[in-house]
Amino acid sequence: MNIEARTGEAEPVPFRSSRFFCVGGKWYFTTREGFDSGPFASRDRAEIGLRRFLHVVSLLPKEERVH
C-alpha cells in the first residue's frame with residue numbers, strides 16, 4: 001500500500017484502505033459515502049465500474065455531490 005503523502009497533504013499521512021474487495025469470488029468497490037457497488041467478475045471490471053461511477057459523479061452539479 002502506498003503510504004506517501006499526496007500533493008498538498010500535510011503529514012502525518014492518514015490511514016487509507018483499498019476501495020476494492022472480493023466476496024465469494026466476486027469483486028466490489030466502495031465509495032467514500034459508504035456505497036458498495038458490484039458484483040463484478042474481476043477486479044479489473046470493478047476498477048472500470050469505479051471509473052465510470054466517478055465520471056458520473058463529476059458530471060453532477062457541485063451542490064448535489066455528497067462529500
_Crowding at CZ, Arg45 (>12 non-hydrogen neighbours, <6.0 Å)_ = no

*Within the distance-only criterion (no hydrogens, no angle test), does the side chain of Thr31 pair as donor or acceptor with the backbone N or O of Phe35 below 3.5 angstrom?*
yes

*Can you measure from OG1 (Thr30) to CG (Leu50) and round to the nearest 0.5 angstrom?*
10.0 Å

_Steps toward side-chain contact (heavy atoms from CB on, under 4.5 Å) verdict (Arg32, Arg19)_ = CA-CA 9 Å; Arg32 293 177 184 164; Arg19 288 189 174 199; 3.5 Å; yes

*Would you call Tyr28 and Pro39 a side-chain contact if the rule is heavy atoms closer than 4.5 Å?*
yes

_Steps toward side-chain contact (heavy atoms from CB on, under 4.5 Å) verdict (Lys26, Ser42)_ = CA-CA 7 Å; Lys26 301 292 183 181; Ser42 67; over 6 Å; no

*asked:* Hydrophobic cluster membership, with links at side-chain heavy-atom distances under 4.5 Å among I/L/V/M/F/W/Y: are Val57 and Phe20 in one?
replied: yes

*asked:* Once rounded to the nearest 0.5 Å, what's the spacing between atom CZ of Arg52 and atom OG of Ser37?
replied: 11.0 Å

*Please work out whether the ring planes of Phe53 and Phe29 are parallel, tilted or perpendicular, with thresholds of 30° and 60°.*
tilted

_Are Phe21 and Ile48 connected into the same hydrophobic cluster when the rule is that any two of I, L, V, M, F, W, Y join if their side-chain heavy atoms are below 4.5 Å apart?_
no

